[in-house]
Amino acid sequence: MNLASQAIVTASQMQAIETLIFQAGMPVASLMEKVALKITQRLTELYPPEPYKRIGILAGSGHNGGDALVVARELHHQGRQVKIYQPFTKSKPLTRVHGCYAQSLGIPFVALADLGDCDLLVDGLFGFGLDRDVIGDGAIAIDTINSWQIPVLSIDLPSGIHSDRGNAMGTAIRATHTLCLGLWKRGLLSEAASPYIGNLERIGFDIPEKSIQEILGDRHPLWRIDPLEVISDRLPIARSAIAHKYDIGHLLLVVGSERYGGAAILAALGAKATGVGMLSIAVPHSLKPLMLAQVPDALVIGCTETPSGAIASLPDLDWQKYQAIACGCGLSLDAGQIVEQLINSEQPLLLDADGLNMLAAMGKVRINQQLPNRNSATVLTPHWGEFCRLFPDLREVERLAALQIAVSQTQSTILLKGARTAIASPSDTMPRSNFPADSQVWINPESTAALARGGSGDVLAGMIGGLLAQGMTAKDAAIVATLWHSQTARWLVRQRTEMGVDPVTLAQNLLPFLQDYPSKIVKT
Ligand SMILES: NC(=O)C1=CN([C@@H]2O[C@H](COP(=O)(O)OP(=O)(O)OC[C@H]3O[C@@H](n4cnc5c(N)ncnc54)[C@H](O)[C@@H]3O)[C@@H](O)[C@H]2O)[C@@H](O)CC1
Ligand SMILES: Nc1ncnc2c1ncn2[C@@H]1O[C@H](COP(=O)(O)OP(=O)(O)O)[C@@H](O)[C@H]1O
Ligand SMILES: [K+]
């Protein structure tokens, strides 16, 4: 694993790592110079002199401001028209001397309003050192800039965003582009920050692995999923030349009701895209003709149904035939005691949507007794609303901490859906135990609001089921499916806009996405 590109850190961890580098002999000023030159280089690629001639620099009092002032100096030497606005009178010593030098070069220090005619603004007001709400001139600067239609490049974090929590501290810059420095800051990968960060990328500055390792240790809990690496390592799934259909996995979907027939189809389309060898679909009897028409390659099992058209009970099935079971899409709350029955099977089991709601109805004590005792992997795929129904005690706990506790209590892999889907799994290496820090959390850094429409999650559930049936571990299946789903959606947005990623189109494009996919990964 590449520590620098995947670890997500808090401000105090970042500070501790920087301190190690400084103690080892790297001068603070040299590091600032190195970082700021890299920022300048990336800025030049993203925003070339034509049409970005006039550049306004916002410099705060700390080292984020210092970085910005070095960038100002370099851009000035490149011949750009640079102006600097500093809302605070006092600065840290290194920042102050860079300000003095910029002044000696004749770069104008101007009032905020004078930045209004710039083609680009560089935001170096606050980085990870922000420790209280932004008020006064800092807040006025942020709100004024947000009211202009000028692109903003934020250094490290959009100023005003809390480095650990990702919330706006009073107010925050809405950046066009954020260049995160060194290691991924926790707040940048939070749901709260996503409306502020614009396109997000990381600028590495050659932090020694041993320094990262020393501070983060072996059990670091928070990781960023690397889109390129995960897909190229795992997809497409290779199959032997002499493979038999039953070698490629048999998935049982338990889905659908008269009310929500479409969800069953969408889950089946998601599963099919994984190339699973055999697909069986248990639906209420009256849905059988519809399913056969839509998915002729599936074995459709008609189940007895309730008066409202939900599955009343499952027929006698030989669970051993299936390498995985996925239950819940479109089931409706009228379905019988299916979840109870499936939990007692020995197969890897995914519960989604109403499967989760039925699990929630079983109550905390039974969930915490039954799930940890399953012999196979369990995958739960709630969005936050379903999560709170399942774990009502955790609704006031911060999202990622709540996720870790829930994983620890249930010993299940949990995929918490949202704009920044987070996946956590029980530890592979530690004995089963009850403390929350046990599990690692993986965050999907790139997605699109195009997925915020009914049925996207049904496709995802089918995909995870198909991957589980082919022998992927629960954690890998959840991570791979999440990435594949969101990256395909981002690719479709380029062709069809955010309005055009309906779940059927999404499912039908999962496989075309894999053809030459590296070129299709949409850079943020
Ligand atoms: N040593 C270096 O040259 C490096 C600098 N980096 C940069 O340095 C930044 C961290 O620098 P600092 O620790 O100096 O902190 P910042 O520059 O992020 O800002 C903190 C400064 O603002 C003040 N402050 C905090 N909250 C405030 C508020 N609400 N209103 C007004 N003032 C407030 C603090 O007293 C402090 O002076 C990083 O984000 C990054 O941009 C590092 O990324 C890389 C290494
Ligand atoms: N704003 C968003 N940005 C990125 N992804 C999103 C957003 N909203 C929803 N999604 C994704 O879309 C899917 C929605 O699933 P879900 O909530 O189960 O909906 P449904 O049950 O209608 O299928 C999840 O994979 C989720 O991560
Ligand atoms: K900033």
Side-chain angles (χ1 to χ4, degrees), residues 11 14-15 17-19 21-22 26-36 39 58-68 70 87-88 90-92 94-95 122-139 152-161 163 169-170 172-173 175 178-183 185 191 194-195 203 205 207 260 263 266-267 270 328-330 352-354 356 381-386 415-422 444 446-461 463 481-482 485-486 489-490 498 501 503 506:
M14 188 71 214
Q15 264 158 349
I17 291 166
E18 281 186 1
T19 303
I21 301 174
F22 298 143
M26 179 68 157
V28 178
S30 305
L31 188 62
M32 182 178 285
E33 194 70 16
K34 175 175 174 127
V35 169
I39 297 168
L58 291 122
S61 61
H63 285 176
N64 196 256
D67 291 345
V70 178
F88 311 117
K90 281 200 172 155
S91 295
K92 283 189 171 178
L94 191 52
T95 306
V122 176
D123 156 34
L125 283 179
F126 308 109
F128 65 63
L130 180 76
D131 55 8
R132 53 193 187 274
D133 272 3
V134 186
I135 52 169
D137 286 347
V152 182
L153 177 85
S154 283
I155 298 178
D156 209 13
L157 296 141
S159 294
I161 290 296
S163 190
M169 300 283 284
I173 291 281
T178 299
L179 299 181
C180 169
L181 305 179
L183 302 176
K185 312 296 174 322
E191 299 236 320
S194 41
I203 303 264
F205 52 82
I207 304 176
Y260 305 119
L266 295 172
C329 304
D352 183 46
D354 288 327
L356 296 169
T381 54
H383 53 61
W384 182 247
E386 289 160 343
L415 182 155
L416 181 54
K417 289 187 272 200
R420 289 272 185 274
T421 291
N444 183 26
E446 297 168 353
S447 189
T448 163
L451 284 173
R453 70 194 279 172
S456 307
D458 301 320
V459 176
L460 180 69
M463 292 166 70
T482 298
H485 184 253
S486 57
R490 284 162 63 82
E498 286 184 336
V501 191
L506 176 69

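Note that this is a predicted model, so its numbers are computed, not measured. Start at 1 and go down the list; that is how both ligands and their atoms are numbered.
Ranked by closest heavy atom to atom 2 (C) of ligand 2, the top entry among P382, A450, A449 is A449. Of the candidates K92, M14, E33, it is K92 that places a heavy atom closest to atom 12 (P) of ligand 1. Scanning V28, D131, T95, I207 for the heavy atom closest to atom 25 (C) of ligand 1 points to D131. Taking each of S61, A11, G62 in turn, the one with a heavy atom nearest to atom 23 (C) of ligand 1 proves to be S61. Of the listed options L451, V501, T381, T421, L451 places a heavy atom closest to atom 11 (C) of ligand 2. Distances from atom 6 (C) of ligand 2 to the heavy atoms of P503, G457, G418 put G418 nearest. Nearest-heavy-atom check against atom 3 (N) of ligand 2 across D458, L266, T448, L416 picks out T448.
Shown in contact with L31 at under 4.0 Å from a heavy atom are these atoms of ligand 1, numbered in order with element: 45 (C). Remark: ligand 2 atoms within the under-4.0 Å shell around heavy atoms of G454 are 22 (O). Each of the atoms 3 (O) of ligand 1 lies under 4.0 Å from some heavy atom of M32. Per-residue contacts place L181 under 4.0 angstrom from the following atoms of ligand 1 (heavy atoms of the residue considered): 40 (C), 41 (O), 43 (O). Which parts of ligand 2 touch L460 is read off a 4.0 Å heavy-atom cut-off, strictly below it: atoms 25 (O). Residue contact check: A452 has heavy atoms under 4.0 Å from atoms 8 (N), 9 (C) of ligand 2.
Here the straight-line distance linking atom CG of D67 with atom CD of E33 works out to 10.0 Å at 0.5 Å rounding. Rounded to the nearest 0.5 angstrom, R490 CZ and E446 CD are separated by 4.5 Å. Expressed to the nearest 0.5 Å, how far OG of S154 lies from CD1 of I39 amounts to 11.0 Å. Atom CG of L31 is separated from atom CD1 of I21 by 6.0 Å, given to the nearest 0.5 angstrom.
Rounding to 10°, one obtains 80° for the angle at the K ion (ligand 3) between O (I155) and OD1 (N64). Rounding to 10 degrees gives 70° for the angle at the K ion (ligand 3) between OG of S159 and O of F126.
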Review point. Between F205 and M26, is a side-chain contact (heavy atoms from CB on, under 4.5 Å) present by the stated rule, with each step listed?
Key: CA-CA 12 Å; F205 52 82; M26 179 68 157; over 6 Å; no

Practice item. Carefully, step by step, assess H383 and L356 under the rule side-chain contact (heavy atoms from CB on, under 4.5 Å). Key: CA-CA 10 Å; H383 53 61; L356 296 169; over 6 Å; no

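Put simply, part of H485 is less than 4.0 Å from ligand 2, judged by heavy atoms.
Among all protein heavy atoms, the one lying closest to atom 24 (C) of ligand 2 is K417 CD, 3.5 Å. Counting only heavy atoms of the protein, atom 39 (O) of ligand 1 lies nearest to D156 OD2, 2.6 Å. Of all protein heavy atoms, the one closest to atom 8 (O) of ligand 1 is H63 CB, 3.2 Å. The shortest contact between atom 31 (C) of ligand 1 and any protein heavy atom is with F126 CE2, 3.6 Å. With hydrogens left out, the protein atom closest to atom 5 (N) of ligand 2 is S447 OG, 3.2 Å, a heavy atom. Looking at atom 42 (C) of ligand 1, its nearest protein heavy atom turns out to be E18 OE2, 3.1 Å. Protein heavy atom in closest approach to atom 35 (O) of ligand 1: R132 NH1, 4.0 Å. Looking from atom 17 (O) of ligand 2 to the surrounding protein, the closest heavy atom is H383 CD2, 3.3 Å. Regarding atom 13 (C) of ligand 2, its nearest protein heavy-atom neighbour is S456 CB, 3.7 Å. Nearest non-hydrogen protein atom to atom 18 (O) of ligand 1 is G127 N, 2.6 Å. Remark: minimum distance from atom 7 (C) of ligand 1 to any protein heavy atom is reached at D67 OD2, 3.1 Å. For atom 1 (N) of ligand 1, the closest non-hydrogen atom of the protein is F22 CZ, 3.4 Å.
Between G455 and ligand 2, at least one N/O pair is under 3.5 Å apart. At least one N/O-N/O distance between G129 and ligand 1 falls below 3.5 Å. Not a single N or O atom of V35, backbone or side chain, sits closer than 3.5 Å to an N or O atom of ligand 1.
Using a 4.5 Å heavy-atom threshold, the side chains of P503 and R453 count as touching. A 4.5 Å side-chain heavy-atom check between T381 and L460 finds every atom pair outside the cut-off. Side chains of C180 and D156 form a contact here, defined as non-hydrogen atoms less than 4.5 Å apart. T448 has its side chain out of reach of V501: every pair of non-hydrogen atoms, C-beta onward, lies at least 4.5 Å apart. When side chains are defined from C-beta on, F126 does not count as touching L157, because their heavy atoms never get closer than 4.5 Å.
A donor-acceptor pair under 3.5 Å is absent between the side-chain atoms of D352 and the main chain of D458, judged by distance alone. Of the possible polar contacts, one joining the S456 side chain to the L451 backbone as a donor-acceptor pair under 3.5 Å is found.
Atom O is the N/O/S atom of D123 found closest to the K ion (ligand 3).
Screening V35, L181, T95 for a side chain to side chain contact (heavy atoms under 4.5 Å, CB included) involving H63 leaves a single residue, T95.
Metal site remark for the K ion (ligand 3): P158 contributes no N, O or S atom at a distance under 3.4 Å. Not one N/O/S atom of S154, from backbone or side chain, sits under 3.4 Å from the K ion (ligand 3).
Looking at N444 and T482, their side chains never bring a donor and an acceptor atom within 3.5 Å of each other.
The two residues S447 and S486 come nearest to each other via the heavy atoms OG-CB, 3.5 Å. Across all their heavy atoms, F22 and V28 have their closest contact at CE2-CA, 3.6 Å. In plain terms, the two heavy atoms of V134 and A139 that are nearest each other are CG1-N, 3.4 Å. For the residue pair P87 and G138, the shortest heavy atom distance occurs at CB-N, 4.4 Å. Residues C329 and A267 come closest through the heavy atom pair SG-CB, 3.9 Å. Residues G182 and I207 approach most closely at CA-CD1, 4.0 Å, considering heavy atoms.
Heavy atoms from both the backbone and the side chain of N64 come within less than 4.0 Å of ligand 1. Only the backbone of D133 comes within 4.0 Å of ligand 1, counting heavy atoms alone; no side-chain atom from C-beta on gets that close. The backbone and the side chain of L130 each have at least one atom closer than 4.0 Å to an atom of ligand 1 (non-hydrogen atoms only).
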